[in-house]
Colleague: 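This is the structure, below, for whatever I ask next.
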Amino acid sequence: MIFGYARVSTSDQETTLQIDALMRAGVDKIYQEKTSSVGQRPELRKLLPQLKTGDLLIVYKLDRLARSLKDLLSILEQIEKAGCGFKSLTEPIDTVSPAGKLMLNILGSVAEFERSLIRERSIAGQVAAIKQGRWPGRPRKLTPEQELECFELWAVGSTKAALTRRYGVSYDVVKMVINRMTCPEHPRVYGNRPVLGSLLD
């Protein structure tokens, strides 16, 4: 079965152009809605679970289906898992053709590259802040001396629950202190001296 999905962002707009194009493409059933891409999109949520092996989903344009590249790839993964094909009428995306599959792989590579850049910028920002004496995140509940003492008590057998009562902090604070001391990828503090580990290598 061939499904179609059409969407416009506001109630003042019409899906007529999209519907006409989908009908010419031979769609059997069309789901349409008037809602922003950042909204709930109930018709899309109703459509996706119905897809099964051998079906085909057609949209007029990719931005009618997804709000971002990440969202698009997530939806396309759902479609692929259902064994359903996907096609855009105005872009070279057609998962039943070799060229369309190639374009889909390119989109996935672009998305991964984008995520890598975001991670790299985030780490660079943290390193710069640490070098300037500004530790990322919220202020710590314990002083460096208390953190070292807390870790040493845990290392010789104190439970995390006992340490939360001793220092008057939450379980998560104690857990984070231990993580910073035991995991090399975490910035660590011994006394007043920061040991940055792999972040500054």
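Both backbone and side-chain heavy atoms feed into the values below; hydrogens, waters and symmetry mates do not.
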Colleague: When clusters are formed by joining ILVMFWY residues with side-chain heavy atoms under 4.5 Å apart, either directly or through shared neighbours, do Ile79 and Ile2 land in the same one?
Modeller: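 No: no chain of side-chain contacts under 4.5 Å links Ile79 to Ile2.
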Colleague: Would you kindly confirm whether Leu22 and Ile93 end up in one hydrophobic cluster when ILVMFWY residues are joined by side chain heavy atoms under 4.5 Å apart?
Modeller: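 No.
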Colleague: Quick check against the 3.5 Å criterion: does Glu149 have a side-chain atom that pairs as donor or acceptor with the backbone of Gln146?
Modeller: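 Absent.
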Colleague: Just verifying a value: how many Å separate Cys150 SG and Leu163 CG, rounded to the nearest 0.5 Å?
Modeller: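 CG of Leu163 is found 4.5 Å from SG of Cys150.
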Colleague: For Lys141, is there an ion pair with Asp172 - N to carboxylate O distance below 4.0 angstrom?
Modeller: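 Salt bridge flag = no for Lys141 with Asp172.
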Colleague: Would the distance check show the side chain of Thr15 and the main-chain N or O of Gln18 forming a donor-acceptor pair, the cut-off being under 3.5 Å?
Modeller: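 Looks like no, no N/O pair under 3.5 Å.
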Colleague: Heavy atoms only: give me the nearest Ile19-Ala6 pair and the separation to one decimal.
Modeller: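 That closest heavy-atom pairing would be CD1-CB, 3.9 Å.
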Colleague: Taking all non-hydrogen atoms of both residues into account, name the closest pair between Val177 and Glu147 and its distance.
Modeller: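 That would be CG1-O, 3.5 Å.
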Colleague: Under 4.0 Å between a Lys/Arg side-chain N and an Asp/Glu carboxylate O for Arg41 and Glu33?
Modeller: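 Not counted as a salt bridge, because no side-chain N and carboxylate O are separated by less than 4.0 Å.
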Colleague: side-chain contact (heavy atoms from CB on, under 4.5 Å) between Arg166 and Leu153: does it pass, once the steps are laid out?
Modeller: CA-CA 11 Å; Arg166 179 186 178 94; Leu153 289 171; 3.4 Å; yes
Colleague: Throw together a table of side-chain donor-acceptor distances under 3.5 angstrom for residues 48-60, partners on residues two or more places apart or in other chains.
Modeller:
from  : atom 1 : to    : atom 2 : distance (Å)
Gln50 : OE1    : Tyr31 : OH     : 3.1
Gln50 : NE2    : Tyr31 : OH     : 2.6
Gln50 : NE2    : Lys46 : O      : 3.3
Asp55 : OD1    : Met1  : N      : 3.0
Asp55 : OD2    : Lys52 : N      : 3.0

Colleague: Going only through I, L, V, M, F, W and Y residues with side-chain contacts under 4.5 Å, is there a path from Leu73 to Phe86?
Modeller: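 Cluster IDs for Leu73 and Phe86 match.
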Colleague: Please give me the minimum heavy-atom distance between Asp71 and Ala66, naming the atom from each residue.
Modeller: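 Scanning both residues completely, I find the closest heavy atoms to be OD2-CA, 3.4 Å.
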Colleague: Is there a side-chain contact between Tyr167 and Leu142, using heavy atoms and a 4.5 Å cut-off?
Modeller: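 Touching, per the 4.5 Å side-chain cut-off.
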Colleague: Indicate if Leu44 and Ile30 have the same hydrophobic cluster label, given that clusters are the connected sets of ILVMFWY residues with side-chain heavy-atom separations under 4.5 angstrom.
Modeller: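 No, it is not one cluster - the side chains of Leu44 and Ile30 are not joined through contacts under 4.5 Å.
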Colleague: Between Gln13 (side chain only) and Ser9 (backbone N and O only), is there a donor and an acceptor less than 3.5 Å apart?
Modeller: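 Such a contact is found between Gln13 side chain and Ser9 backbone.
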Colleague: Do Phe151 and Val169 land in one hydrophobic cluster if side-chain heavy atoms of ILVMFWY residues count as linked below 4.5 Å?
Modeller: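 Linked within one cluster.
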Colleague: Within a strict 4.5 Å, meaning less than it, do heavy atoms of the Leu72 and Leu62 side chains meet?
Modeller: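 Of all side-chain heavy-atom pairs linking Leu62 with Leu72, at least one is under 4.5 Å.
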Colleague: Closer than 4.0 angstrom, basic N to acidic O: yes or no for Glu43 and Arg7?
Modeller: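 No salt bridge links Glu43 with Arg7.
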Colleague: At what distance, to the nearest 0.5 angstrom, does CE of Met181 lie from CD1 of Ile178?
Modeller: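 Here the interatomic distance stands at 10.0 Å.
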Colleague: Determine whether Leu148 and Glu152 satisfy the following criterion, side-chain contact (heavy atoms from CB on, under 4.5 Å), listing intermediate values before the conclusion.
Modeller: CA-CA 6 Å; Leu148 181 57; Glu152 289 175 342; 3.8 Å; yes
Colleague: Can you name the nearest heavy-atom pair linking Tyr5 to Arg64, along with the distance?
Modeller: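 Minimum heavy-atom contact is CE2-O, 3.1 Å.
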